[in-house]
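Contents: one structure, followed by commentary.
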Amino acid sequence: MPDIVGLPFHVGRDVAGDSGVTLANPDPDGPPIGALAWPGLYYITAQSPAAGTTLYRWDSVAVEIVPYGEADSNAVALPHEVPPVDNAHAHPQRDAFIDLTNSDDQRD
């Protein structure tokens with residue numbers, strides 16, 4: 001079983017399906033997990049059994065989901081690298097200049 005925690009539900013469902021297992025609601029008496037994750041964008045916050053567990057084909061993996069924007073996280077945010085300050089690329093260099101204002105072929 002691959003690690004699907006942190007993935008959007010629709011992506012985790014596809015990864016699980018490609019691995020030969022299906023996702024399920026942790027509450028066996030509740031609605032199917034697909035009904036809980038539709039419509040909208042949901043993220044997988046937990047899975048049972050854990051990643052790396054060997055399962056039979058089409059076994060169920062219980063997942064907990066939360067709507068986008070509501071996931072609690074104690075992960076430390078890594079600082080993003082600041083892009084280099086080089087504005088030379090913002091000023092085009094002319095390779096050639098053609099003056100079209102003076103033409104010898106002007107006809108009266």
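Fair warning: this is a prediction, and the values are worked out from it, not measured in the lab. What you see below is based on every heavy atom in this structure, not just the backbone, and it leaves out hydrogens, waters and symmetry mates.
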#### Entry: Beyond-backbone contact of L36 with I65, side-chain heavy atoms, under 4.5 angstrom
yes

### Query
Is there a side-chain contact between Y68 and Y42 (heavy atoms, below 4.5 Å)?
no

#### Entry: Pairing residues for A46 by the side chain to side chain contact (heavy atoms under 4.5 Å, CB included) criterion, not counting sequence neighbours
E64

#### Entry: Heavy-atom pair of closest approach, residues M1 and A16
CE-CB, 4.5 Å

### Flag side-chain contact, heavy atom, 4.5 Å: D3 against Q47
yes

### Query
Under 4.5 Å between side-chain heavy atoms, hopping through other hydrophobics if needed: is there a path connecting F9 to V11?
yes

### Task
Please tell me if the side chains of Y43 and L41 come closer than 4.5 Å, counting only heavy atoms from C-beta onward.
yes

### Query
Would I4 and V63 count as a side chain to side chain contact (heavy atoms under 4.5 Å, CB included) if you check the C-alpha gap in whole Å, the side-chain angles of each, and the deciding distance to 0.1 Å?
CA-CA 9 Å; I4 56 172; V63 294; 3.8 Å; yes

Tell me which donor-acceptor pairs under 3.5 Å the side chains of residues 20-33 have, and how far apart each pair is, sequence neighbours excluded?
| from | atom 1 | to | atom 2 | distance (Å) |
| --- | --- | --- | --- | --- |
| N25 | OD1 | D27 | N | 3.0 |
| N25 | ND2 | P31 | O | 2.8 |
| D27 | OD1 | D29 | N | 3.1 |

### Message
Can a donor-acceptor pair be found, under 3.5 Å and without considering hydrogens, that links the side chain of S19 to the backbone of V15?
### Response
yes

### Query
When rounded to the nearest 0.5 angstrom, what is the spacing between CG in L7 and CG in D14?
10.5 Å

Can I get a per-line list of side-chain donor-acceptor pairs under 3.5 Å for residues 54-62, giving both atom names and the distance, sequence neighbours left out?
| from | atom 1 | to | atom 2 | distance (Å) |
| --- | --- | --- | --- | --- |
| D59 | OD2 | Y56 | N | 3.0 |

### Message
Under 4.5 Å between side-chain heavy atoms, counting indirect links through other Ile/Leu/Val/Met/Phe/Trp/Tyr residues: same cluster for V66 and I44 or not?
### Response
no

